[in-house]
Amino acid sequence: MKTTLAIFNPATATLIAELPADNAASVAAKNGLAHAAQPGWAAWPLAARKACITRFRTAIVAELEGLAVTLTLETGKPVSMSRNELNGLLGRIDFFLAEVGAATATQTVFREDGMTEQIEHAPLGVIANISAWNYPWFVGGNVFIPALLTGNAVLYKPSEYAAMTGLAIARLLHGAGVPGDVFVPLIGGATVGAALLEQKIDGLFFTGSHATGSKIARAMGPRLVKLQLELGGKDPSYVCEDADPQLAAEALADGAMYNTGQSCCSVERIYVHEKIHDAFVAAFVASVKTFKVGDPMARDTYIGAITRAAQLDVLDAQVADATAKGATLLLGGQRLPGPGNWYAPTVFANVNHDMALMREESFGPLIGIQQVSGDSEALRLMNDTRYGLTAGVFTHDEARARTLLAQVNAGSVYWNCCDRVSPRLPWSGYGDSGIGLTLSSYGIQAFTRPKAWHLRQV
Ligand code: NAD
């Protein structure tokens, strides 16, 4: 039976494409072909696989504007941010190309009396990558680029909200020389993802929500397949009394609202020392007011559409809950008129941890600011979460920031910055933010199996 996936522009609610979709049978067939193709790909010299990824990079540069428009049309991301994502990906590709040789070189760790011990970084085999829509080039690229470079075949299921981008990625990789059965896009939603879990695969790399990630962990548990889950967050930042309230407010307004608040590492909770609370809040609201809301295709738009219509209900519920529990609404607080999915940038003060907006991922342009009496209260509140992706401290005092951040349970910590990802550093989370990591040299080795060689010369 032929099925299709309908793609709607979330900024206008218009149908923009109907893509042929996969089903359980096509997923199984493509997995078989990937298993047949993978050993040949792994046998290519690393230099030849690197040459493919270098050509992929060149093709992205050549088509950057069209790729940015595609991403904006299907996700509602402001086009300037689509361009930023693609340009940012180039740096990540450069990092992977530069590091893969050293990260995966066979190491001789012992040689004595005719006995040699070596560690080889063998590819995992055929891996599945189930991906999210909010940064499809970034979160996809963090997986499929090092996976391909290290000799794996990749079954890539883009989000149903970024499937046109997924197909563009496949087209460019194939055009760059990666065989069709080595990088395989699978188009569809949850049922196609679930069909992938049924396959014989050698690793599953997932980026998405905690709700889906925990379902996947339950399904994969008995299979004993390598599993990585990069999930959501409720990322806090604390502004100390010695910080410049204006600079901190500008940085945190951007950290909270960039990509319309739909980043895994968006700032989702702000704690401000009581001595500068009022000045900070005034500067924060003024900063958010400068953000232009509107057509994602316009050059100067900063707040675009909400990609998934269902998220509007989450935002409404968090606003209603905060209001009912006594929070002060300073800006926004409601949907904006359609067509499409729109929410006003929303700022609350006088919030506390009884409110859902300080506990559950908002994933939209919604933020709560809570006044604190000092470092110990801020630290207690920052750690009062089931998540742990990132956390930040704004202060002039590096030693104070280091002392605080050392005690925060988060995979990435920031001093005087936020909402930042570097290819050189590992990207991982504590608690419900996931297991495993991408990026850095560890995020290259993650796609390999360290194989132990014991070699006796006789
Ligand atoms: P989602 O969980 O709704 O979907 C993610 C992917 O899982 C999609 O491809 C979807 O089709 C697939 N899927 C859904 N149900 C499935 C099932 N039962 N079996 C197999 N696959 C299934 O998440 P989303 O809305 O695409 O992404 C937003 C979430 O991702 C947010 O929580 C965000 O914080 C998180 N995220 C995390 C990171 C990170 O690096 N930690 C990066 C980006 C996004």
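Indexing begins at 1, ligand by ligand and atom by atom, following the structure's order. Computed from a prediction, not measured in an experiment: that's the story for all the values here.
Ligand 1 places these atoms under 4.0 Å from at least one heavy atom of L231: 37 (C), 38 (C), 39 (C), 41 (N). Taking a cut-off of under 4.0 Å to the non-hydrogen atoms of G189, the atoms of ligand 1 that pass are 11 (O). Contact atoms of ligand 1 toward E361: 31 (C), 32 (O), 33 (C), 34 (O) (distance under 4.0 Å to a heavy atom of the residue). Less than 4.0 angstrom separates some heavy atom of R308 from each of these atoms of ligand 1: 25 (O). Residue V139 has at least one heavy-atom neighbour below 4.0 Å for each of these atoms of ligand 1: 42 (C), 43 (C). In summary, the atoms of ligand 1 found under 4.0 Å from a heavy atom of T212, numbered by their order in the structure, are 1 (P), 2 (O), 3 (O), 7 (O), 13 (N), 14 (C), 15 (N), 16 (C), 22 (C). Remark: ligand 1 atoms within the under-4.0 Å shell around heavy atoms of G193 are 19 (N), 20 (C), 21 (N).
With a 4.0 Å heavy-atom cut-off, ligand 1 is reached by no atom of Y161. Contact annotation: for F206 versus ligand 1, heavy atoms closer than 4.0 Å belong to the side chain alone. The part of E160 lying near ligand 1 is the side chain, judged by heavy-atom distances below 4.0 Å.
A side-chain donor from one of T165 and E74 sits under 3.5 Å from a side-chain acceptor of the other.
Using a 4.0 Å cut-off between charged nitrogen and carboxylate oxygen, D22 and K30 count as a salt-bridge pair. Under a 4.0 Å N-O distance rule, the pair R335/D316 qualifies as a salt bridge. With respect to the salt-bridge test (charged N to carboxylate O, under 4.0 angstrom), the residues E361 and R386 do not qualify. Residues R359 and D384 are paired through a salt bridge, judged by an N-O separation under 4.0 Å between the basic side chain and the carboxylate. Between E268 and K234, at least one side-chain nitrogen of the basic residue sits less than 4.0 Å from a carboxylate oxygen of the acidic one, meeting the salt-bridge criterion. Electrostatic pairing of D300 and K292 counts as a salt bridge here, judged by a charged N lying under 4.0 Å from a carboxylate O.
Nearest to atom 12 (C) of ligand 1 among the protein's heavy atoms is I130 CG2, 3.6 Å. Counting protein heavy atoms only, atom 40 (O) of ligand 1 is closest to W427 NE1, 2.9 Å. Here the protein heavy atom with the shortest distance to atom 35 (C) of ligand 1 is G208 O, 3.2 Å. Ranking the protein heavy atoms by distance from atom 18 (N) of ligand 1 puts K215 CD, 4.1 Å first. The nearest protein atom to atom 36 (N) of ligand 1, hydrogens excluded, is given as C264 CB, 3.5 Å; this is a heavy-atom distance.
Within the structure, the closest approach of G429 to ligand 1 does not fall below 4.0 Å when heavy atoms are considered. Ligand 1 has A194 within reach: a non-hydrogen atom of the residue lies less than 4.0 Å from it.
The shortest N or O to N or O distance between K157 and ligand 1 is under 3.5 Å. Remark: ligand 1 and F363 share no N or O pair separated by less than 3.5 Å (distance only, no angle test). Residue N134 places no N or O, backbone or side chain, under 3.5 Å from any N or O of ligand 1. Distances between N or O atoms of S209 and those of ligand 1 include at least one value under 3.5 Å. Ligand 1 has a nitrogen or oxygen under 3.5 angstrom from a nitrogen or oxygen of W133. No N or O atom of I216 sits closer than 3.5 Å to an N or O atom of ligand 1. Considering backbone and side-chain atoms together, S263 places no N or O closer than 3.5 Å to any N or O of ligand 1. An N or O contact shorter than 3.5 Å links S131 to ligand 1 by distance.
Checking side-chain atoms of D181 against main-chain N and O of A34 turns up no donor-acceptor pair under 3.5 Å. The main-chain N or O of T307 is never found under 3.5 Å from a side-chain atom of Q311 such that the two would form a donor-acceptor pair.
Here atom 5 (C) of ligand 1 lies nearest to T207 when heavy atoms of T207, T191, V421 are compared. When the heavy-atom distances from atom 27 (O) of ligand 1 to G232, A190, A132 are ranked, the shortest goes to A132.
Contact of the T390 side chain with the V413 side chain is not registered, since no non-hydrogen atoms from C-beta on lie closer than 4.5 Å. Under the 4.5 Å side-chain criterion, counting only non-hydrogen atoms from C-beta, V154 is in contact with L148.
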Working for side chain to side chain contact (heavy atoms under 4.5 Å, CB included), residues F56 and F183
CA-CA 13 Å; F56 173 63; F183 183 83; over 6 Å; no
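For R424 and F95, the positive end is not near the middle of the six-membered ring at less than 6.0 Å and at most 45° from its axis.
The aromatic rings of Y258 and Y302 sit perpendicular to each other, their planes meeting at more than 60°, with 30° as the lower class boundary.
Applying side chain to side chain contact (heavy atoms under 4.5 Å, CB included) to W133 and the options Q262, K77, E160 leaves one that passes, Q262.
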